[in-house]
> 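Mind having a look at this structure? Questions to follow.
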Amino acid sequence: MDHKNWIAILDFGSQYTQLIARRIREQKVYSEIIRYNTPAAELARRQPSGIILSGGPSSVFEPGAPLADPAIYDLGIPILGICYGMQMTARMLGGEVQPGTTREYGSARISVLHEQPLFAGMPAENDVWMSHGDQVRTMPPEFTAIAETGTCPVAAMGCASRRIYGLQFHPEVVHTPRGTEILRHFIFDVCTCRPDWEMAQFIRDSIESIRRQVGTEHVVCGLSGGVDSSVVAVLIHKAIGKQLHCIFVDNGLLRHDEARQVEETFGTAFGLDLHVVHAQDLFLNNLKGVTDPEKKRKIIGKTFIDVFAAEARRLGAVKFLAQGTLYPDVIESSSPIGGPSVTIKSHHNVGGLPPDLKFTLIEPVRELFKDEVRAIGHELGMPDAIIQRQPFPGPGLGVRILGEVTAERVTILQEADLRVQEEMLSLPNYRDIWQSFAVLLPIQTVGVMGDSRTYENVVAVRAVQSQDGMTADWFRVPYDVLAGISNRIINEVRGVNRVVLDISSKPPATIEWE
Ligand code: XMP
């Protein structure tokens with residue numbers, strides 16, 4: 001059967017579903033996560049080269065357990081079921097699954113029984129990552145076991161004539177060291193995919209489709225200086241030039257010198273039509289006397305919308321609003337079985353615009369993961385300083401200044417934060433840090449300077465590693481780097497006489513302090 005060179009991943013709710021999609025795209029094959037119950041007719045129409053059935057939290061024995069359309073097994077499209085996807089396949093095709101009494105969770109060692117095609121070229125024994133309760137007891141007719149473990153006689157199964165396979169373990173996680181090889185065998189040998197998912201091609205295609213969609217209309221884009229909105233702005237600009245108008249709101253709560261850098265990079269170097277709104281005073285005024293963290297967030301959010309809307313109105317007739325929506329946001333909002341529950345909301349998610357501003361959304365990177373957006377930025381010639389930038393919260397320093405936000409406190413924090421940034425950059429593994437920053441505490445402590453006592457501010461240093469911001473561990477910053485940060489802040493930043501380190505993980509702490 002002719003196929004369109006992509007892999008469909010049916011999502012049964014596993015925490016690893018996105019990882020499967022990424023692993024496939026890393027092999028330069030396009031993959032898309034779709035609903036677990038997508039009708040076979042739709043798949044027949046869209047012609048994926050192969051179908052992967054993800055794992056999931058359910059047991060096939062639960063009433064209402066999610067099931068694929070049984071007709072997918074008759075499409076003649078290769079299928080790979082992973083964990084729950086394998087158990088469901090076994091059951092739907094006439095095999096038997098045995099309910100688990102305990103959940104097997106962790107590393108296991110499989111013995112390969114049949115090398116071809118999934119384990120081709122691999123050793124006879126391999127470490128894999130298991131996470132399951134139920135397991136296949138009897139395979140469907142025509143299936144054979146292709147790998148086993150001491151406790152699991154059918155650790156993998158397959159039916160070569162129907163090109164349907166199942167893995168009890170997770171090939172997509174790093175704890176299955178040769179998992180990528182198994183996935184490669186599936187997508188290239190079984191599904192006969194070609195590696196054609198290239199960012200350069202994506203850029204060419206999306207420029208064409210942006211031109212087609214926009215025609216002679218105009219587009220407005222909220223630029224924050226973050227990775228997503230920046231890449232979107234540069235991409236759209238490449239497609240339609242001066243029909244794109246970017247609005248950058250300087251809320252006064254950005255990092256040291258950031259507003260100027262954004263202006264210089266996008267306005268000057270990239271030549272975007274950039275409208276910078278200097279709204280520092282308005283934000284500070286609205287925040288006067290406010291100490292409650294939620295109130296601060298709301299005020300900052302609302303002020304942003306007001307300023308953005310006023311500027312957008314000044315632009316006159318604009319039909320489209322560009323947004324840097326990413327694939328994980330799209331999957332989460334459409335996932336049938338929950339999926340990951342929290343998202344890091346983009347700060348220019350201008351959802352709350354007043355009704356007189358009716359835009360059609362244009363979201364050119366909604367099919368992409370963050371690392372792919374970075375690759376596009378790179379391809380578009382954007383500087384590393386922008387595309388490798390750490391995430392920065394929408395309310396900015398507003399949630400890192402505990403208590404009231406004042407102009408003076410913003411300056412102290414910007415100066416302290418700059419020292420944290422500069423010193424952290426000296427780390428060879430800087431890229432492993434998800435976020436690193438300073439926090440200004442609402443207390444003063446006693447210190448001594450020369451012969452006299454001081455009574456000044458405390459700054460906390462926070463550095464975390466994380467995959468997605470939903471869980472995080474504190475980053476083990478080497479002592480000498482911490483010493484450099486502390487010395488520089490205390491000696492160079494007026495108004496600070498003490499530096500402390502935050503060594504809490506999320507959960508139960510959060511990354512930001514407010
Ligand atoms: P927490 O503090 O909840 O942060 O552990 C998780 C991630 O989200 C970012 N964050 C925000 N981003 N608006 C944003 O755009 C916000 O109000 C906000 N609060 C937290 C935070 O920087 C971290 O990456």
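Start at 1 and go down the list; that is how both ligands and their atoms are numbered.
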> With side chain to side chain contact (heavy atoms under 4.5 Å, CB included) as the criterion, how do Val459 and Val439 come out once you've worked through the C-alpha distance, each side chain's angles and the decisive distance to 0.1 Å?
CA-CA 6 Å; Val459 161; Val439 181; over 6 Å; no
> Just by modelled atom types, is the Glu512 backbone N or O under 3.5 Å from a matching donor or acceptor in the Thr510 side chain?
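Indeed, once roles are kept as given, a pair shorter than 3.5 Å links the two residues.
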> Quick one: does Arg313's side chain have a donor or acceptor within less than 3.5 Å of a partner on Phe308's backbone?
no
> What residue among Asn251, Asp250, Val410 forms side-chain contact (heavy atoms from CB on, under 4.5 Å) with Gln280?
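Result: among Asn251, Asp250, Val410, Asp250 is the only option passing the side-chain contact (heavy atoms from CB on, under 4.5 Å) with Gln280.
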> Number the atoms of ligand 1 from 1 as they appear, then name those within less than 4.0 Å of a heavy atom of Pro395, with their elements.
13 (N), 16 (C), 17 (O)
> Please report whether ligand 1 has a polar contact with Lys506, defined as an N or O pair separated by less than 3.5 Å (distance criterion only).
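It does: an N or O of Lys506 is found under 3.5 Å from an N or O of ligand 1.
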> Ignoring hydrogens and geometry, is there a side-chain-to-backbone donor-acceptor pair from Arg419 to Asn487 under 3.5 Å?
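Such a contact is absent between Arg419 side chain and Asn487 backbone.
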> With distance as the sole test, does Glu367 use its side chain to make a donor-acceptor pair with the main-chain N or O of Tyr327 at under 3.5 Å?
no
> Using a 4.0 Å cutoff against the non-hydrogen atoms of Trp434, which atoms of ligand 1 qualify?
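Within the 4.0 Å cut-off of Trp434, ligand 1 contributes 24 (O).
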> Identify which of Arg297, Glu512, Arg462 has a heavy atom lying nearest to atom 16 (C) of ligand 1.
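Of the listed residues, Arg297 has the closest heavy atom.
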> Is there a heavy atom in Trp513 that sits closer than 4.0 Å to ligand 1?
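It does not; every heavy atom stays at 4.0 Å or beyond.
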> Is any N or O atom of Gly469, backbone or side chain, closer than 3.5 Å to an N or O atom of ligand 1?
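Min N/O separation from ligand 1 is not below 3.5 Å for Gly469.
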> For the 3.5 Å polar cut-off, considering only N or O atoms, please tell me whether Pro391 and ligand 1 meet it.
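No - when backbone and side-chain N and O of Pro391 are compared with those of ligand 1, no distance drops under 3.5 Å.
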> Any idea which part of Gln435 is under 4.0 Å from ligand 1, heavy-atom wise: side chain, backbone, both or neither?
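Contact part for Gln435 vs ligand 1: side chain (C-beta onward).
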